[in-house]
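Each chain gets a letter, A, B and so on, in the order the sequences are listed, and its residues count up from 1.
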There are 2 protein chains.
Amino acid sequence: MKWKELEEEPCSMARTIGVIGDRWTLLILRECFLRTRRFEGFQSALGITRHLLAERLKKLVRQGILRRVPYQESPKRHEYILTQKGLDLYPIMMAIVHWGDTHMVDVRGRPLLHQHRNCGKDFDPVMVCSECGEPVLAKEVHTHPGPGASRPLAQKEAPAPKPKARRKAA
Amino acid sequence: MKWKELEEEPCSMARTIGVIGDRWTLLILRECFLRTRRFEGFQSALGITRHLLAERLKKLVRQGILRRVPYQESPKRHEYILTQKGLDLYPIMMAIVHWGDTHMVDVRGRPLLHQHRNCGKDFDPVMVCSECGEPVLAKEVHTHPGPGASRPLAQKEAPAPKPKARRKAA
DNA sequence: GTTTGACAGTTCAAAAAAAGAACTGTAAAT
DNA sequence: ATTTACAGTTCTTTTTTTGAACTGTCAAAC
């Protein structure tokens with residue numbers, strides 16, 4: 001499977017992964033949310049090679065996640081700013097950070113805290129159901145094909161312990 | 001920057017990316033949540049090379065995201081099951097799917113719908129504040145160093161338009 | 001008025017990772 | 001005796017990524 005194919009699969013997850021699903025892209029986006037805007041800023045904050053950085057920024061611009069905005073003429077210089085589409089990635093970023101806060105911190109605790117200006121408190125992101133407002137657990141979700149499903153792609157697996165004379169069971 | 005270093009950075013996002021931040025790992029996890037459990041299942045659903053699949057599964061087991069559970073003796077066979085740590089990735093997966101549903105669908109609509117058993121309705125995931133319960137927007141969040149912050153890593157950038165006789169502005 | 005530095009890249013060889021295909025091995029089914 | 005299911009491993013080729021240097025414009029410092 002090549003990257004182009006990913007973006008054409010009938011799966012919102014595959015398509016999204018095709019766009020932002022690599023290590024450098026995710027780190028670049030982290031920097032964007034921390035207000036980094038310029039080439040040198042990304043480069044020195046991340047230690048990414050300039051070559052790859054240029055490539056990834058181009059891709060993010062092509063995808064409409066960043067906008068390349070000039071901030072001075074001659075030498076032309078641009079800043080990379082999150083578009084609305086890019087800002088919409090925020091829940092993904094927060095979910096990633098939150099998992100790390102839960103499962104990857106050392107004894108010292110979390111490196112970064114997030115304060116919600118609305119209520120003034122440090123918070124964690126919680127995923128709730130848009131319909132009933134309750135927190136959503138994986139077990140409580142049933143997944144089924146929508147209008148854009150061509151190949152099923154879901155549930156294709158798990159032929160269910162076909163009990164047709166199996167081998168010596170464990 | 002190599003992958004090992006990523007996992008040691010004082011940043012929950014970098015650490016998480018070090019574990020799940022590559023394309024195949026994310027797709028493997030998608031399959032896990034769709035109830036795929038076996039080597040061949042992953043391989044045929046994803047078209048990943050067997051070599052990489054073996055490697056990624058090993059890594060996920062090492063990280064405690066999957067558990068390798070025997071389901072038959074001689075030929076020893078195992079299933080890969082999400083641990084609680086793995087199940088906790090669900091909000092990340094849902095956030096990714098939701099972004100794709102919002103920004104990457106074609107005319108036909110979403111490939112997959114998610115039904116919340118609690119309320120019976122098809123839903124979207126919404127990220128809310130653990131403290132006040134309101135939806136969280138990127139703009140409303142202030143980020144500040146926590147106990148585990150050694151190097152700042154945040155806000156290191158943006159020296160703020162230092163107005164010290166700038167070049168010919170655009 | 002020459003040098004230095006900031007900035008935003010591009011170029012190219014070398015190293016690392018991934019793809020592709022075939023091979024190993026156990027055991028049941030045909 | 002052969003085929004099939006399953007879970008890998010091995011090996012070669014291709015693609016990506018790294019690392020380091022180079023290009024080019026301009027401002028400021030010397």
Side-chain angles (χ1 to χ4, degrees), chain A residues 1-6 17-18 21-28 36-61 66 68-80 157-170, chain B residues 1-6 18 21-28 31 36-61 66 68-80 157-170:
Chain A
M1 197 190 289
K2 291 122 204 161
W3 284 133
K4 270 300 152 61
E5 294 172 43
L6 249 196
I17 290 171
D22 77 284
R23 293 151 132 134
W24 285 124
T25 299
L26 287 167
L27 288 170
I28 289 168
T36 300
R37 298 156 132 74
R38 300 182 184 177
F39 193 93
E40 293 294 319
F42 291 109
Q43 208 281 317
S44 67
L46 297 175
I48 185 177
T49 61
R50 312 175 71 75
H51 182 54
L52 251 207
L53 176 57
E55 202 141 78
R56 291 290 190 269
L57 287 174
K58 246 176 229 159
K59 180 169 184 185
L60 287 169
V61 169
L66 297 179
R68 196 156 168 274
V69 183
Y71 69 89
Q72 75 177 26
E73 277 304 323
S74 91
K76 281 213 174 197
R77 291 287 181 267
H78 302 83
E79 293 190 314
Y80 296 89
E157 197 31 45
K162 237 192 308 181
K164 62 155 187 178
R166 219 70 189 90
R167 303 144 208 231
K168 184 163 46 135
Chain B
M1 197 190 289
K2 291 123 207 163
W3 285 131
K4 270 299 152 64
E5 295 173 42
L6 249 196
D22 77 285
R23 294 151 132 134
W24 285 124
T25 299
L26 287 167
L27 288 170
I28 289 168
E31 290 305 309
T36 299
R37 296 155 133 75
R38 301 181 184 179
F39 194 93
E40 293 293 319
F42 291 109
Q43 208 280 318
S44 67
L46 297 175
I48 184 176
T49 63
R50 311 176 71 76
H51 181 55
L52 253 205
L53 176 57
E55 201 143 77
R56 292 289 192 270
L57 287 174
K58 246 178 229 160
K59 179 168 184 187
L60 287 169
V61 169
L66 297 179
R68 195 155 168 274
V69 183
Y71 69 89
Q72 76 177 25
E73 277 305 323
S74 92
K76 282 212 173 195
R77 291 287 181 265
H78 302 83
E79 295 190 312
Y80 296 90
E157 198 30 46
K162 236 193 308 181
K164 63 152 187 177
R166 218 70 188 90
R167 303 142 210 232
K168 184 161 48 136

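When the side-chain nitrogen and oxygen atoms of A:Trp24 are compared with OP1 and OP2 of D:dT16, none of them lie within a distance under 4.0 Å. Close to D:dC6, at under 4.0 Å from its OP1 or OP2, lies no side-chain N or O of B:Tyr80. Within the 4.0 Å cut-off from OP1 or OP2 of D:dG8, at least one side-chain nitrogen or oxygen of B:Arg68 is found. At D:dG19, none of the side-chain N or O atoms of A:Thr49 fall inside 4.0 Å of OP1 or OP2 (strictly under the cut-off). Proximity of B:Lys58 to the phosphate of D:dA7: no side-chain N or O atom is located under 4.0 Å from OP1 or OP2. Residue B:Ser74 places none of its side-chain N or O atoms closer than 4.0 Å to OP1 or OP2 of C:dT26.
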Pull out every protein N or O sitting under 3.5 Å from an N or O of nucleotides 12-17 of chain C, one pair per line with the distance.
none

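The distance from atom CD of B:Gln43 to atom P of D:dG8 is 12 Å, rounded to the nearest whole Å. A:Arg37 places its CZ atom 17 Å from the C1' atom of C:dA8, with the value rounded to the nearest Å. One interatomic measurement links the two molecules: CG of A:Leu57 to P of C:dG9, which rounds to 7 Å at whole-angstrom precision. In this structure, A:Asp22 places its CG atom 14 Å from C1' of D:dT15, rounding to the nearest Å. One can place CD of B:Gln72 at 9 Å from P of D:dC6, the figure rounded to the nearest angstrom. Following rounding to the nearest Å, B:Ile48 (CD1) and C:dA19 (P) show an atom-to-atom distance of 7 Å. Whole-Å rounding puts the B:Glu40 CD to D:dT9 P distance at 13 Å. Taking atom CD of residue A:Glu73 and atom P of nucleotide D:dA27, one finds them 13 Å apart after rounding to whole Å.
Using modelled atom types and a 3.5 Å distance limit, the side chains of B:Arg68 and B:Tyr80 yield a donor-acceptor pair.
Judged by distance alone, the side chain of B:Gln43 and the main-chain N or O of B:Thr49 form no donor-acceptor pair under 3.5 Å.
Listed by chain and number, the residues in a side chain to side chain donor-acceptor pair (under 3.5 Å) with B:Glu55 amount to none (sequence neighbours excluded). A search for side chain to side chain donor-acceptor pair (under 3.5 Å) contacts involving B:Arg50 returns B:Glu40, not counting sequence neighbours. Qualifying side chain to side chain donor-acceptor pair (under 3.5 Å) partners for B:Arg23, counting only residues two or more places apart in sequence or in other chains: none.
Side-chain atoms of A:Arg50 and base atoms of C:dA8 include a donor and an acceptor less than 3.5 Å apart.
Of all non-hydrogen atoms in B:Trp24 and B:Leu52, the two that sit nearest each other are CD1-CD1, 3.3 Å.
With C:dG9, D:dA7, C:dC7 as the candidates, the nucleotide lying closest to the side chain of B:Phe39 is D:dA7.
Note that A:Arg38 lies in the cation-pi zone of A:Tyr71, set by a 6.0 Å cut-off to the ring centre and a 45° limit from the axis.
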